[in-house]
2 protein chains.
Amino acid sequence: MSKREPAGCQPGLEAAMDILVGKWKPIILLHLLQGERKRFSELQRLIPNITQKMLTAQLRELEEQDIVKRVVYPVVPPRVEYSITEYGLTLDYILKPMHDWGRAHLKHMQEKKSQLVEEVRVE
Amino acid sequence: MSKREPAGCQPGLEAAMDILVGKWKPIILLHLLQGERKRFSELQRLIPNITQKMLTAQLRELEEQDIVKRVVYPVVPPRVEYSITEYGLTLDYILKPMHDWGRAHLKHMQEKKSQLVEEVRVE
DNA sequence: CCGGATCCAGAGGGATACTG
DNA sequence: CAGTATCCCTCTGGATCCGG
């Protein structure tokens, strides 16, 4: 799953990164963690600029990793629903901190910027 | 910093990912979070298969993001020390959960594998 | 409706050599 | 020692078309 090798260290971190890496996985997971299972097309709507290819690909990976469950209803037209597995729920444990920290970080960066502006003014 | 755009959602998560993305950043951070400041060459030793290019590049990015502090001693031969900023310490808040979860995840996958083996045996 | 198959651009990352 | 500079290659992700 990782491109090459153990990098000599910290398999734990690598493993966690593998789950989150992929431009869309965090967003997909956030939506699925919302609770109810979601149809493919719903997810497409919720994530405007994702392509079908990417959505399927990332969902498939998450499925392999036991994070999402995929249920196909044998009807026509096709109906496929995705939901978080019980195990996938444990991801909340890391996604929430990330989300919180990320928002705080955005603020932090803004403040840093306005400080720079002030310094320029003083000179 | 992100390749293209807001992806329509969740700037917080994106921001956090930006910090951690890069094959080596989590590992570098883990070492720096250990406490003492470290010289460039020390980091190189601690992370065996990283190239100089990568190490400098990632450290520079982390510096821009206010996560690490870079101190250059004007001596010859050059001496440069890196350390976590006070702000960077807050990353522990997300790195620790990731690390813990990742290790648990590795176990989880192993168990899943041995289950498969058993099923094969039964048939 | 869901998603497989193909093709393609570009960013990220590696190897190596050179420098103050 | 601590980097730049250069070249190259792989892999991700995007666009598009096709199929059950």
Side-chain angles (χ1 to χ4, degrees), chain A residues 1-9 14 17-29 31-32 37-65 68-83, chain B residues 1-9 13-14 17-28 31-32 37-65 68-83:
Chain A
M1 225 126 277
S2 260
K3 355 223 133 165
R4 239 146 258 273
E5 64 234 72
C9 323
E14 296 273 327
M17 288 301 290
D18 265 4
I19 303 296
L20 280 335
V21 159
K23 188 170 170 182
W24 305 100
K25 282 193 196 150
I27 302 167
I28 295 174
L29 288 172
H31 284 296
L32 290 179
R37 46 214 179 134
K38 298 217 162 36
R39 298 190 56 173
F40 187 86
S41 43
E42 283 186 81
L43 287 171
Q44 252 188 120
R45 263 189 310 101
L46 290 169
I47 310 172
N49 23 19
I50 194 173
T51 62
Q52 293 168 337
K53 176 191 169 185
M54 277 301 108
L55 187 51
T56 17
Q58 310 257 16
L59 283 168
R60 284 290 200 283
E61 285 182 37
L62 291 170
E63 192 190 356
E64 273 179 41
Q65 289 157 334
V68 312
K69 192 167 44 181
R70 178 168 176 266
V71 180
V72 185
Y73 296 82
V75 298
V76 38
R79 176 190 189 86
V80 182
E81 285 182 350
Y82 294 91
S83 56
Chain B
M1 227 124 276
S2 259
K3 356 224 135 165
R4 240 145 258 271
E5 64 234 70
C9 322
L13 271 179
E14 296 272 329
M17 288 302 289
D18 265 3
I19 304 296
L20 279 335
V21 158
K23 188 171 173 182
W24 305 99
K25 283 194 196 152
I27 302 167
I28 295 174
H31 284 296
L32 289 180
R37 47 218 177 126
K38 298 217 160 40
R39 298 189 55 172
F40 187 86
S41 44
E42 283 185 82
L43 286 171
Q44 250 187 122
R45 264 189 309 100
L46 290 169
I47 310 171
N49 22 21
I50 195 173
T51 61
Q52 294 166 337
K53 175 190 167 185
M54 277 301 107
L55 187 51
T56 19
Q58 309 258 17
L59 282 169
R60 286 291 201 283
E61 286 182 38
L62 290 170
E63 191 190 357
E64 274 179 41
Q65 290 157 334
V68 313
K69 192 168 44 182
R70 178 168 176 267
V71 179
V72 184
Y73 296 82
V75 298
V76 39
R79 176 189 189 86
V80 180
E81 285 181 349
Y82 294 91
S83 56

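Naming: A, B, ... by sequence-line order, numbering from 1 per chain. Quantities reported herein were computed from a predicted structural model and do not represent experimental measurements.
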Worksheet entry | Angle of first-five versus last-five pair axes in the helix from dC1(C)-dG20(D) to dG20(C)-dC1(D), to 10 degrees |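 The helix from dC1(C)-dG20(D) to dG20(C)-dC1(D) shows an end-to-end axis angle of 40°.
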How long is the gap from [atom1] on [X] to [atom2] on [Y], to the nearest 0.5 Å?
X      : Y      : atom1 : atom2 : answer
K23(A) : I47(A) : NZ    : CD1   : 12.0 Å
L29(A) : L20(A) : CG    : CG    : 7.0 Å
Q44(A) : R39(A) : CD    : CZ    : 11.0 Å

In whole angstrom, give the distance that lies between atom [atom1] of [X] and atom [atom2] of [N].
X      : N       : atom1 : atom2 : answer
L55(A) : dA15(D) : CG    : P     : 14 Å
I47(B) : dA2(D)  : CD1   : P     : 14 Å
E61(A) : dG4(C)  : CD    : P     : 12 Å
M54(B) : dT6(D)  : CE    : C1'   : 13 Å
Q44(A) : dA15(D) : CD    : C1'   : 14 Å
D18(A) : dT12(D) : CG    : C1'   : 14 Å
N49(B) : dG13(C) : CG    : P     : 14 Å
W24(B) : dG13(C) : CH2   : P     : 10 Å

Quick check for you: among [options], whose closest atom lies nearest to any side-chain atom of [X]?
X      : options                 : value
K53(B) : dC1(D), dA15(C), dG3(C) : dA15(C)
Q52(A) : dG3(D), dC2(C), dG14(C) : dC2(C)
F40(A) : dA2(D), dG14(C), dG3(C) : dG3(C)

Worksheet item: Where along residues 69-79 of chain A does a heavy atom fall under 4.0 Å from DNA chain C?
Response: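 Contacting residues: R70(A), P77(A), P78(A).
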If we only count heavy atoms from C-beta on, is the [X] to [Y] side-chain gap below 4.5 Å?
X      : Y      : value
N49(A) : W24(A) : yes
L62(A) : Y82(A) : no
L55(B) : I28(B) : yes
L43(B) : L32(B) : yes

[N] phosphate, OP1 or OP2: any side-chain N/O from [X] under 4.0 angstrom?
X      : N      : result
R45(B) : dC1(D) : no
R39(B) : dA2(D) : yes
Y82(B) : dC1(D) : no

Worksheet entry | Least distance between heavy atoms, Q52(A) atom then F40(A) atom |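 What the structure gives for the nearest pair is O-CZ, 4.1 Å.
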Item to complete: Could you pull out all residues at least two apart from E63(B) that satisfy side-chain contact (heavy atoms from CB on, under 4.5 Å)?
Response: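 In terms of side-chain contact (heavy atoms from CB on, under 4.5 Å), with neighbours along the sequence ignored, E63(B) is linked to R60(B), V68(B), R70(B).
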Discussion item. Around atom CZ of R37(A), are there more than 12 heavy atoms from other residues, nucleotides or ligands closer than 6.0 Å?
Written reply: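 It does not: R37(A) CZ has 12 such atoms or fewer within range.
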Item to complete: Could you say whether S41(B) or Q58(A) is positioned toward the 5' end of DNA chain D, judged by the nucleotide with the nearest heavy atom to each?
Response: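 Closer to the 5' end of DNA chain D: S41(B).
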